[in-house]
Chemist: 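Before we start, here is the structure in question, set down as structure tokens.
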Protein chains: 2
Amino acid sequence: MSAKRGTDHTTPTAAPAPGRRERNKIEKLRRIKEAAMELFTRKGFDDTTTREIAAAADVGLGTVFIYAANKRDLLFLIANDGLEGVEERAHACLDPTAPLLENLLNIFRHHYEFFCRQPALSRLVLREMAFYEAGAQARPFQETREALIRLLGKAVQAAIDRNTVSPGDTPQFVGWTLFCIYQVELRRWISQDDLCLREGMDHLQRALKVVIRGLDPTAEALSVGRPPAAATDKTPPRKVPRAVRSTR
Amino acid sequence: MSAKRGTDHTTPTAAPAPGRRERNKIEKLRRIKEAAMELFTRKGFDDTTTREIAAAADVGLGTVFIYAANKRDLLFLIANDGLEGVEERAHACLDPTAPLLENLLNIFRHHYEFFCRQPALSRLVLREMAFYEAGAQARPFQETREALIRLLGKAVQAAIDRNTVSPGDTPQFVGWTLFCIYQVELRRWISQDDLCLREGMDHLQRALKVVIRGLDPTAEALSVGRPPAAATDKTPPRKVPRAVRSTR
DNA sequence: GGCATTTATTGAACATGCTCATGTTTGAAC
DNA sequence: GTTCAAACATGAGCATGTTCAATAAATGCC
């Protein structure tokens, strides 16, 4: 590092000055994050070596593995910051007086917008996230996920309170169900070559509507003046999954 | 190999005898699959080296990478065989006269049972499957997935034909929605320490019921003699995601 | 059988994620 | 200022996934 200590020579000023050691650590972490972010985005996850990251951050190779348990963890080190912000904003925009679908779409839009910002990086995160369990950054990641499920539950609860929906299960569990939809929809969308936020949100909305409306199992009782078979199609039956990008 | 050619010395018997070269290839592939299967199951994916697999299959290291594009691909080489069988059986048991939920649960049960058979291996497959796109085995894998979605669509179509449901979207798309639920439910279940098929199917059923029943958005119109708030809970609000297993 | 051609196999060599013994820096006690 | 222990940083070294030029085997032709 060749530390040029341009500090004042006074005592470590009370509380807010955490000492040089702490400052160095913070600064190094920042450099490592920045370097990883830039390289992952530009060259992709697999084509970026940990040695490159270390060099770009101007630290030793070993140092990288002090701040991240492994290469994957580096990815989440970057993503977690952003995701927590998203979670907060999504939480803030919940409007107990708004229709459920609107609330859901607002929540999910924050997430989609976040992932849309850095598509390449997001694909990596979403690829690696599926079963991410080890590594220091796994915990905050899981917590953010659980917070999202709770938030969805809250949105459902709000709709119940307003008597606009009445699901056959707890709000929490309905939240989980909506989360399932979101997860797979998000993966489908993010895998596409040219991301269109609109397309993603439309597709998601379509799926959410299926859940909200249900499959209308009372139709049998009510099947009087209704076209019996493949009823009303809002949209043509688009092809659903798709061919995708190379891994390395 | 030291090929002991216990063959008849006659000419390659017409159609079904594909020549020694072809037979050797098939035999090697079989040995590689078998070795990989055994080692992955016993030692785990990360702790099994490709050298070990090559040695156990009694082939050179390089040979392994002729039959699989990479280590991950090896996993799918194993899984695809099984999954295609599952798909077929699931397709066969579709009963157009049965209730939708019953059909869905039958379809999914075949899958759950398959994954339950080799939990450790399945966790690996499901971990790696999330964004699997490269490698020779990716294609058949994707196709099996699409076949499942179509099958779900068929089940929905059958219910529509019998007038027992009437969804607000195409059967195909409803199939996709159900698939979303299945994917995330399966991941939740398979991540658990002691797999209980019953628990997995119950949880899945609960989620499917939410979708089938819908959130009853007409409640506002009908909200006369109904408890206004957190209505009827069939089951206690279980904790939904969970702590998990180490990656290596 | 003998030769030529096509195809399959192989393991040494390379690239890279990660570890750990060693060296360096920091902050405080005196 | 000196000393010391604890915390931190480092990169040589190792393990392992993957490639590829060299080799061997199989096949077709005479």
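Hydrogens, waters and symmetry mates play no part in the numbers below; they use all other heavy atoms, side chains included. Each chain gets a letter, A, B and so on, in the order its sequence line appears, and its residues count up from 1.
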Chemist: Considering residues, nucleotides and ligands other than B:Glu88, do more than 12 of their heavy atoms fall under 6.0 Å from its CD?
Modeler: no
Chemist: Taking A:Asn80 as the fixed residue, which of A:Glu143, A:Arg139, A:Gln137 is the one that meets the side chain to side chain donor-acceptor pair (under 3.5 Å) rule?
Modeler: A:Gln137
Chemist: In whole Å, I'd like the distance from the CG atom of B:Asp58 to the P atom of C:dT10.
Modeler: 8 Å
Chemist: For A:Leu29 and D:dA9, what is the distance between atoms CG and P respectively, to the nearest whole Å?
Modeler: 10 Å
Chemist: How many angstroms lie between atom CZ of A:Phe45 and atom NZ of A:Lys71, to the nearest 0.5 angstrom?
Modeler: 5.0 Å
Chemist: Would the distance check show the side chain of A:Trp189 and the main-chain N or O of A:Cys196 forming a donor-acceptor pair, the cut-off being under 3.5 Å?
Modeler: yes
Chemist: Please determine whether a side-chain nitrogen or oxygen atom of B:Lys71 lies at a distance below 4.0 Å from atom OP1 or OP2 of D:dT16.
Modeler: no
Chemist: Take the protein atom CG of B:Asn70 and the nucleotide atom C1' of C:dT16, then report the distance between them rounded to whole Å.
Modeler: 16 Å
Chemist: Using C1' atoms of five pairs at each end, report the bend of the helix from C:dG1-D:dC30 to C:dC30-D:dG1 rounded to 10 degrees.
Modeler: 10°
Chemist: Under 4.0 Å: is that the gap between some side-chain N or O of A:Thr50 and OP1 or OP2 of C:dT16?
Modeler: no
Chemist: B:Phe179 and side-chain contact (heavy atoms from CB on, under 4.5 Å): which partner among B:Leu151, B:Val174, B:Leu148?
Modeler: B:Leu148
Chemist: Considering just the side-chain nitrogens and oxygens of A:Asn24, establish if one lies under 4.0 Å of OP1 or OP2 belonging to C:dT26.
Modeler: yes
Chemist: Establish, from distance only, whether the side-chain atoms of B:Glu87 and B:His110 form a donor-acceptor pair under 3.5 Å.
Modeler: no
Chemist: Looking for any heavy atom pair under 4.0 Å, which part of the strands does A:Thr49 touch: base, sugar-phosphate only, or nothing?
Modeler: sugar-phosphate
Chemist: Which class fits the ring pair B:Phe108 and B:Tyr182: parallel under 30°, tilted 30 to 60°, perpendicular over 60°?
Modeler: parallel
Chemist: Please report the closest heavy-atom contact between A:Leu124 and A:Gly44, naming both atoms and the distance.
Modeler: CD1-C, 4.4 Å
Chemist: At under 4.0 Å, does any side-chain N or O of A:Lys25 touch on OP1 or OP2 of D:dC8?
Modeler: yes
Chemist: Using whole Å, what does the distance between atom C1' of nucleotide C:dT16 and atom NZ of A:Lys43 come to?
Modeler: 12 Å
Chemist: Grab the CG-P distance between A:Asp46 and C:dT16 for me, whole Å please.
Modeler: 11 Å
Chemist: For DNA chain D, which residues of residues 59-66 of chain A approach it to below 4.0 angstrom with any heavy atom?
Modeler: A:Val59, A:Gly60, A:Leu61, A:Gly62, A:Thr63, A:Ile66
Chemist: When you check the phosphate oxygens OP1 and OP2 of C:dT9, does a side-chain N or O of B:Tyr67 lie under 4.0 Å from one of them?
Modeler: yes
Chemist: Rounded to whole angstroms, how far apart are CD1 on A:Ile32 and C1' on C:dC18?
Modeler: 15 Å
Chemist: Is there a donor-acceptor contact under 3.5 Å from the side chain of A:Thr48 to the main chain of A:Leu39?
Modeler: yes
Chemist: Please report the distance, rounded to the nearest Å, between CZ in A:Arg23 and C1' in C:dG27.
Modeler: 12 Å
Chemist: Take the protein atom CZ of A:Phe40 and the nucleotide atom C1' of C:dT16, then report the distance between them rounded to whole Å.
Modeler: 13 Å
